[in-house]
Every structure is written in structure tokens, then in C-alpha cells.
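Letters A, B, ... are given to chains in the order of the sequence lines, protein chains preceding strands, and every chain is numbered from 1.
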Amino acid sequence: MSEYDHTAIEKKWQDEWARSGIYKTGTDSSKPKQYILDMFPYPSGEGLHVGHPKGYIATDVYSRMKRMQGYTVLHPMGWDAFGLPAENFAIKNKVHPRVAVDKNISNFKHQLSLIGLDYDWAHEINTTDPAYYKWTQWIFIQLLKKGLAYESFEPINWCPSCQTGLANEDLNADGTCERCDSVVEKRPMRQWVLRIKEYADRLLHDLDTLDWPEHIKEQQRNWIGRSEGAEITFAVEGADPVVVFTTRPDTLMGVTFLVVAPEHALARTSTDSTVSTYVRRALGKSEIERTGQKAKTGVLLPSVRALHPVTQEKLPIYVADYVLATYGTAAIMAVPDLDERDGEFARTVGARVAETKLMSADEALKVSDGVRKVQYRIQDWVFSRQRYWGEPIPVVHCEKDGVVPVPEAELPVTLPDVEHYEPTGTGESPLANIETWVNTKCPVCGAPAKRETNTMPQWAGSSWYWLRFMDPANNSALVAPENEKRWGPVDLYVGGDHAVRHLIYARFWHKFLFDIGVVHTIEPFARLEFLGFILAEDGRKMSKRWANVINPNDVIDTFGADAFRTYEMFMGPFENTIAWSTNGLVGTRRFIERLYRAQEYVVSEHVPQLDVALNATIKKVGDDIADFKFNTAVSQMMILQNEIDTIKKIGKDQYATYLKLVAPFAPHVTEELWHELGHTSSIHLEPWPEYDEAKLVSNTVTIAVQVAGKTRGTVALSRGAGEEEVLSAIFSDPKLMVHAPEKPTKVVFVKDRIINLIP
RNA sequence: GCCGGGAUGGCGGAAUGGUAGACGCGCACGACUCAAAAUCGUGUCUCGCAAGGGGUGAGAGUUCGAGUCUCUCUCCCGGCACCA
């Protein structure tokens, strides 16, 4: 037997698999399909650290088993390559973002290739490829045609550092810019916005159909933030009526005043100087300053009074910035008696507090002429960015015809080369400076017109990419219907970090594509497995800044891809965040070596002593991979290996079976050993082993003996032994005899498991 | 405040209501070696020489039997949050 030389073995088989194409996407449509997808990466200049491939290894293990189980498998990989990092790199180094992106992609591909993943690179996609973003633009035009994309001039989040508008989803929890942590301003400017709110109810309800982790569904429910309530109109003396939204119409009789947001027309049009000063100050505050404050401030609107719809009582109206402009009607009815915030505000301004007599919601609506209404926290999706490196929004502005979509035959609208990638800061993208590109003709009337110069956000390309993987080279359709029917939906989607943003945008676009007949399922991702991150050995995030980054290339060089893969699956539960441990990796390396050395134990005849352990391993490894419990699958393989090392003997067929079980985890060494056994075709195309139910359990069992619920020892008997037999075994064991009552008042006997004697 | 998920050795973690701590790391001792590494073997929750006792965040409960089920509480992680 030769030494285990992981470098030679891994190189040899990676080359051979590439040559023979064993991982090509299956074409046999008579077999059941599995579409297994990773969240595709942004190819950063940093390259991969050992945390990144964890999800890729998991889908690799899963897809290998599924292929062996007879499924045709689609397991593709691609690049989500638009976005700010490449653009910032371009600004700094004066190179075209494409150059940096291409370089990064080739580095990523090299790193991935060392891991031995079974991607079918014939299906590779790149969101920055014009042949790809042609269809991203096509989807935008369909949204526009259906009235789901619109221009808005409302104030939006503006990041002064990135110099672009942002969606709410691009902000941190504290309201700062997700990318650079700058304090975000509200800035009124022209923006393209998508009506995701129209899909809010479907996005909420269809969560129930998904096999996703509960915490992800919950995050999406929180983000959508549906609340049921009512709108009630209050007549106002001296001004137009005020409509309020409330989730508690039943508290109507406790209302003692109204409050409107500074943005509310009633506040903005007030001529009172105290009010206008307050409003001006409030509007000048950032989102954080306004929502972060605890003490409530506000002023009375003089010369207006609301009329209580039931008592006709005259109620004061205040303007206060604890009422949000972006939610409900920007006006509330205050019930200081029951609502803590209203109560606090009433104390600050000295407003009246009345005891609330509750009535039924129905009655309240009747007497107040209120209407039931549903409100959402989610806002429409601000979809334009004033930056260079994104998909151009494919519309033309014509003086006569207004906004005109670029005809589909003229797509893609390609991104022109520019001299400077810097954002202009004026609310225009760098594209605005390229006159030859901006100036065009109106597709409707032919008159001179100007192209839209805003680009799409980073999330656009990833909002439909799983469809392109099904049909990557199609130039006449986003995806051919037969391919979409063949592969959709994604059976298993694996990734992390995008619980809300990507997953909600992707579901939104998918539902839209369902509505226009492009896809046949209402949801894109039937099952989602969310991964836990790998921290650095010091327990911190892996980062250049802490100098604690571990590069997979180095690990693979020292320990081999097989040990590396197996370790990442063995570290702990897939969804747990766990610190990397090079010591831990040594353990799986030892396991691979013992597997390798076990070829010395191979004998031609069957070794019955291994039957139980081997059958149990077939069952457990298969079940556990299916359930994403890779850590216990690996530990079961180790248990079998321990058994083999004890017996120092394994039948040739048994070893072959064992190799197939390890193959998804350690594809190179198992392929090598498989060929050593004399096979000439790949182990990865072998049928997955089946277990023999009859051999799953051994003929002897260990029965725990308890006295009054306290375990006193065990007896070993043949399977199926009756109570009498167990009792006689107990009383012939001197150690147990001492504890066991001769005449128990009660005996609990569970066959093959336990006996409990109660004195 | 609301919602979701947790708490088990020195560490990562196992346990259909049925022998808690599988598997791995680490550690200790032993074998091999001139020696070391590698490898192999033995041990490793805790108190105790032993017999035996205690032990899965705390407290109660259900049960012949609870890490697992129920209730109360503490703490940790994540999401949302002046959302009316």
C-alpha cells in the first residue's frame, strides 16, 4: 500500500472528472429531478476564506448523494458581480470594474476547483454579462408595463458617502448605510420604485407553503409587518378632515386628542411660527435622530380642532415627530389612557387623559363611519442607484411621450465605458456625463430623447438568477418554458446572511414572473437551509483587519480537500456558528487516513461481524445527509471505521459499500480506493447503497436494569427476551441481585430496552 | 416591549420519554523509538480508596422513568420596534 498522498490523488481525480464530464447536468427527463442551488457569491477581491465554502460543500455532499440515488441533478454556480466593491476598486485603481471582476472570478473558480465540487460549469452565469442583464432589463420593462415600476419624487434614503439612494432594506437596524455605516439622510429626488407592497399579502401568506427555517419566515413576517386595523376620519374645524389609522378602533371612546407627523399636510401648511419652526427642525433630523429619541416632543396646532365622531367633543391636534410619516396615514388618534406612548406625550404637553370605555370594534366603526384597513411596515422598493456598475434602467425620457421603455428587440441597453466611475453626487449617475450614450431617439416618435442614467441596485441580478441557470445560453427567452417546467422550483436552496433582502426580493420577482406566465410555481425555493458562519479560531469574524483569515488553499495544501470538506461538515450542526479549529481538522484527516489504510484489511469473504454497523451506517448517513445533519453522518462513519479497526478485517463488497457512503464527503480518496478495488468507472455514478432492515440491529441487546427508576446495571440477552428471562438474568447476577427487590410491587418492562422494578 | 431560537464535560457537540456525555478535539498515562514526531493502546462529568452518592441554567410539576413533556423564573443569541 502506498502512502496517502492527498495532493496527487486530488489532482488526478479533479483532472479526470473534468475530462470525463461526470457531473454534467443530466438530460434523462424520465428520472426525477433535483435542482440544488447555492446562493451565488459576489466575487470579491479578497478571495475565499474557509468560511465561504461551507454551504457549497453541503450542497455538494447532498447533490452527490442525490445523483447516486438516481436523480438528475442541476447544481450550478455563477457570479453576482455588479455592485459597489468592484466599482470602488475601479475608482481607486483606475481600472474598468469588468477587469477586476474577471480577475476575481478566475481566482474564485480556482479556489473552488481545489475543493472538488461537482458544479456543472456549462451552466455558469454572470449577472454583469450583457447576455444575462438583457433579461434583468426585460423583467424591469414587464414590471413597468404592468404598472409595478414607477417614478417617485418622495424623499428617500440617501447615503452621503456612497452618494446614492438606498432602499430600506439597504439600511442597518439603526438606520445607517449597510455598506459604509454612514448616517443616511432623507433626500427628495427622482427615483424608480417597485410596488413590492402590492405583493405583501402573498409574500406573507405563501410563507406557510415553504419548507424553510422558522426564524427566517419570522424575520420576513416582521419585515412585512402586516397589521389589521381601521381608518377613521375626524372632521376638523378650520381645516380638511384628518384620517387616522388605528389597530384599536375599540378604544375610540378614550381618544382625547390627535397627533400628526411633521410631514402631514396639516402641519406643513400651518402658518403658526411655533409650528413651522418645529416642523422645519423635525424634517431636518435624520431617521436615527428621530426614531432613536426617547423623550417625546411636539407642539399644539392652534386654530384647528378635531371633532370626536361620537361625542362631537372638540379635540386638540398636535404635531409630534413620534408619529411616523411612512406608516399609516401619518396621523393618529391618541388614547393616552391605554397607549403608553400617547400617555407619555400627554404628560409632556399637558393634554387631557380620559378613562377609556371599550366598545366592540364593529360598533366603533359603525358610529365613526370607519373602514377596516390593513397596513404594512414594508415600503415599496427604491430601485434606482446613482452609480456606474449596475444594469442600466432600460427606459428613455421623451419630452412628448414621457417615459418610454426601450423596445425589447433593442435589449440589452449595454453599460457604456466611462472615463470616471466616481458618483457625481448630484443625484445623477456617472452615465449622465456620456452624451453620446445619453442622447438617443424616442422609440415612439423618433424625436431626440434622453436615456435613463440611473442603474439598478445590487439585488436586481440575484432576484431571478435561479431561472437563468436552467437555460443559461437562451437568447430568445429568459428561460424556455420546457426548461422551467423541467427544473423549477429550486428543490434545495442553501446560503446565509440574506434572510430578508435577497429572499424577499427574489420571491417578489418570482411571483411577478408567475403572474405573467414565465414560471409555473408561486414560490422559487421550496426548501431553504440556512447556514451558520465559521468564525476565526479566536472566535472573532474572519477579517483582514484581525489578521485571522484562514485560506482554504493553504488548508487543502496541508491536509487535503477531503479532510477539509469532511471537517466542515463535522464541525457541528450546519446552522450553528462555530469557530474554526485546525486541531479539529486533524481529527477528520486521521479519519481519512484510517479509511485509506483500511484497504489493508480487505478480505474477499463477507465479514458478518460488520453487518450491523455497516447497515446502521447506510441508514444513518443517508437519512442525515437528507436532513442536513452532516455532523452525525460523519460521526457514524467514524463509528464504523472504529469497528473496522477493531476487527481488522472487512469484506471487499463491504468496503466498496462503505466507500460509497463516504464518497459525497471525501470524493477524491474514495474514487482512488474504489479504483484500487478494481473498478474502472466512477464511484460517483454508482447507485447509493441500500440497507437490510433485518441486519440493522444485532441479535443481542443490552437491557438497562432500574430499581425504583434508578439504573443499577445492565443485562445482555438475546433480542426479544421476555420479562421472565430478564428477571432470571437479574437474579443470577450477584451485583444486581443486591439491589433488586424479590417481590416488586410493580414491574415496568419495555422489551429489548429496560426493566424497572418498583419495590 | 413584541416575536423566534437557545442553555448538556476543558472545547465542538450526541441522545424515537428508557444506561446522559456518542463521535471528534484536547489532556494524562503506556507501547514503539537512542530520542522526538507520527502511529497504536488505556483512561478522561464529578465527590469517594471503595461501596455508593450527585449531575444536562434555577425552581416546581406530570411519569415506573425527564436533557427530552407542562408551568414559573434567570441568562444568552437573532429579528422587529415611538409601526399607532
Side-chain angles (χ1 to χ4, degrees), chain A residues 173 213-227 229-230 244-249 251 258-259 261 290-296 320-335 338-342 344-345 375-378 499-500 530 532 539 566-567 570-573 575-591 593-594 597 629 631-642 645 702-715 735 738-739 744-759:
Chain A
E214 191 50 41
H215 72 279
I216 305 289
K217 292 192 194 184
E218 198 54 30
Q219 280 181 49
Q220 295 218 348
R221 288 187 193 109
N222 283 341
W223 190 263
I224 295 165
R226 183 182 200 272
S227 32
V244 303
F245 174 73
T246 178
T247 54
R248 295 291 306 276
T251 62
L258 303 191
V259 189
R290 278 183 61 173
T291 58
Q293 73 187 24
K294 284 290 163 249
K296 292 183 175 33
D321 64 1
Y322 81 93
V323 174
L324 304 178
T326 50
Y327 187 79
T329 60
I332 63 158
M333 58 180 217
V335 186
L338 296 180
D339 186 288
E340 232 175 82
R341 297 154 304 174
D342 294 345
E344 197 191 320
F345 182 69
Q375 282 295 340
Y376 300 91
R377 199 195 77 98
I378 193 172
V500 171
F530 212 68
T566 308
Y567 173 63
F570 183 58
M571 286 178 84
E575 66 279 8
N576 283 20
T577 294
I578 302 171
W580 176 265
S581 159
T582 301
N583 268 334
L585 176 59
V586 168
T588 51
R589 165 71 192 203
R590 285 180 188 147
F591 167 67
E593 284 176 8
R594 292 198 290 149
R597 262 184 269 128
K629 294 198 266 188
N631 56 329
T632 49
V634 174
S635 81
Q636 180 62 39
M637 300 189 306
M638 289 172 168
I639 290 169
L640 176 61
Q641 182 63 52
N642 290 345
D645 286 337
T702 307
I703 297 168
V705 178
Q706 295 184 342
V707 176
K710 205 176 272 294
T711 304
R712 293 296 178 178
T714 60
V715 290
K735 275 185 86 175
V738 180
H739 300 284
T745 55
K746 188 173 173 187
V747 177
V748 179
F749 176 62
V750 182
K751 199 162 83 176
D752 299 333
R753 280 196 174 276
I754 196 158
I755 189 161
N756 190 0
L757 309 176
I758 295 99

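- The 12-atom threshold is exceeded at NZ of A/Lys217, counting heavy atoms of other residues, nucleotides or ligands nearer than 6.0 Å.
- With a cut-off of 3.5 Å on both pairing distances, the Watson-Crick or G-U wobble partner of B/U39 is B/A31.
- Remark on RNA chain B: of its neighbouring residues A/Lys710 and A/Ser581, the 5'-side contact belongs to A/Ser581, judged by nearest-heavy-atom nucleotide.
- For B/A20, one of the phosphate oxygens OP1 or OP2 lies less than 4.0 angstrom from a side-chain nitrogen or oxygen of A/Thr711.
- The distance from atom CD of A/Glu218 to atom C1' of B/G6 is 16 Å, rounded to the nearest whole Å.
- With sequence neighbours excluded, no residue forms a salt bridge (charged side-chain N to carboxylate O under 4.0 Å, His left out) with A/Arg590.
- B/C11 and B/C75 are spaced 22 Å apart, taking the P atom of each and rounding to whole Å.
- Here, B/C40 and B/G48 have their P atoms 34 Å apart, quoted to the whole Å.
- Of the candidate nucleotides B/G4, B/U19, B/C40, B/G4 has the atom nearest to the side chain of A/His215.
- Checking A/Asn222 against A/Arg377 by side-chain atom types alone, no donor-acceptor pair falls below 3.5 Å.
- Put simply, CD on A/Gln706 is 9 Å from P on B/G65, counting in whole angstrom units.
- Across all strands, A/Asn642 comes closer than 4.0 Å only to sugar-phosphate atoms, never to a base (heavy-atom distances).
- B/A84 atom P lies 11 Å from atom CZ of A/Arg377, rounded to whole Å.
- Of the nucleotides present, none pairs with B/A66 by Watson-Crick or G-U wobble criteria with both distances under 3.5 Å.
- Looking at heavy-atom distances under 4.0 Å, A/Arg712 makes contact with sugar-phosphate atoms alone, never a base.
- Within 6.0 Å of CD in A/Glu214 there are more than 12 heavy atoms belonging to other residues, nucleotides or ligands.
- When Watson-Crick and G-U wobble pairs are counted only if both distances are under 3.5 Å, B/A51 pairs with no nucleotide at all.
- The side chain of A/Arg590 approaches B/C25 more closely than any other nucleotide in the set B/C64, B/G24, B/C25.
- In this structure, the CZ atom of A/Phe245 is 7 Å from the P atom of B/A84, given to the nearest Å.
- Separation of the P atoms belonging to B/G78 and B/G61 is 35 Å when rounded to the nearest angstrom.
- B/G9 has its base syn relative to the sugar, with a glycosidic angle deviating from 0 by at most 90°.
- Taking atom CD on A/Glu593 and atom C1' on B/A38, their separation rounds to 9 Å, with Å as the unit.
- Among all heavy-atom pairs drawn from A/Asn642 and A/Arg594, the shortest one is OD1-NH1, 2.8 Å.
- Separating the P atom of B/G13 from that of B/G4 is a span of 24 Å, rounded to the nearest Å.
- Listed nucleotides B/C64, B/C80, B/G18 differ in distance to A/Ile754; the shortest reach to its side chain belongs to B/G18.
- The minimum heavy-atom distance between A/Gly328 and A/Phe245, with the atom names listed, is CA-CB, 4.2 Å.
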Could you give the side-chain donor-acceptor pairs of residues 702-711 of chain A under 3.5 Å, partners two or more places apart or in another chain?
| unit_1 | atom_1 | unit_2 | atom_2 | d |
| --- | --- | --- | --- | --- |
| A/Gln706 | NE2 | A/Thr711 | OG1 | 3.4 |

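- Nucleic acid contact for A/Thr588: none, since no nucleic acid atom lies under 4.0 Å from a heavy atom of the residue.
- Where A/Gly587 and A/Ile755 meet RNA chain B, the nucleotide closest to each residue was compared, and A/Ile755 sits on the side nearer the 5' end.
- Nucleotide B/C25: paired with B/G10 (Watson-Crick or G-U wobble, both distances less than 3.5 Å).
- Distance from the side chain of A/Glu214 is smallest to B/G4 among B/A84, B/G78, B/G4.
- For A/Asn756, the side-chain atoms get nearest to B/C64 when compared with the rest of B/G54, B/C64, B/A84.
- In this structure, A/Arg226 reaches neither bases nor backbone, as no heavy-atom distance under 4.0 Å exists between it and the strands shown.
- Pair assignment for B/U16: none, as no Watson-Crick or G-U wobble contacts are both less than 3.5 Å.
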Criterion side chain to side chain contact (heavy atoms under 4.5 Å, CB included) on A/Lys746 and A/Asn756, from CA distance to verdict
CA-CA 8 Å; A/Lys746 188 173 173 187; A/Asn756 190 0; over 6 Å; no

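- Comparing B/G26, B/C82, B/C80 by their nearest atom to the side chain of A/Lys296 picks out B/C82.
- Closest to the side chain of A/Ile639, out of B/A22, B/C82, B/G24, is B/A22.
- The same atom, C1', is picked in B/G57 and in B/U8; the two are 10 Å apart, to the nearest Å.
- Under the 30°/60° scheme for interplanar angles, the aromatic rings of A/Tyr322 and A/Phe345 are found to be tilted.
- Atom P of nucleotide B/C40 and atom CZ of A/Arg594 are separated by 7 Å, given to the nearest angstrom.
- A/Val323 comes within 4.0 angstrom of a base, heavy atoms only.
- If you measure from atom CD of A/Gln641 to atom C1' of B/A22, you get 17 Å, rounded to the nearest angstrom.
- A close approach under 4.0 Å does occur between a side-chain nitrogen or oxygen of A/Tyr327 and OP1 or OP2 of B/A84.
- Nearest to the side chain of A/Asn583, among B/A84, B/C25, B/U39, sits B/C25.
- Of the C1' atoms belonging to B/C23 and B/U72, the separation is 36 Å, rounded to the nearest Å.
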So if I define the base as every atom that isn't primed, P, OP1 or OP2, how would nucleotides 8-16 of chain B read as a B/S/- string at a heavy-atom cutoff under 4.0 Å?
----BSS-B

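- Comparing the same atom, P, in B/G67 and in B/U16 gives a spacing of 13 Å after rounding to whole Å.
- Distances were taken from every side-chain heavy atom of A/Leu324 (C-beta onward) to each of B/U39, B/A84, B/G52; the shortest belongs to B/A84.
- Residue A/Thr714 is classed as a base contact, given a heavy-atom separation below 4.0 Å to a base.
- Of the candidates B/G52, B/A84, B/G79, B/G79 carries the atom nearest the A/Asn222 side chain, counting heavy atoms from C-beta on.
- For the pair A/Asp342 CG and B/C82 C1', the computed distance is 10 Å after rounding to whole Å.
- Using C1' as the reference atom, B/G21 and B/G9 are 7 Å apart when rounded to the nearest Å.
- In this structure, B/G1 forms a base pair with B/C80, meeting either the Watson-Crick or the G-U wobble geometry with both donor-acceptor distances under 3.5 Å.
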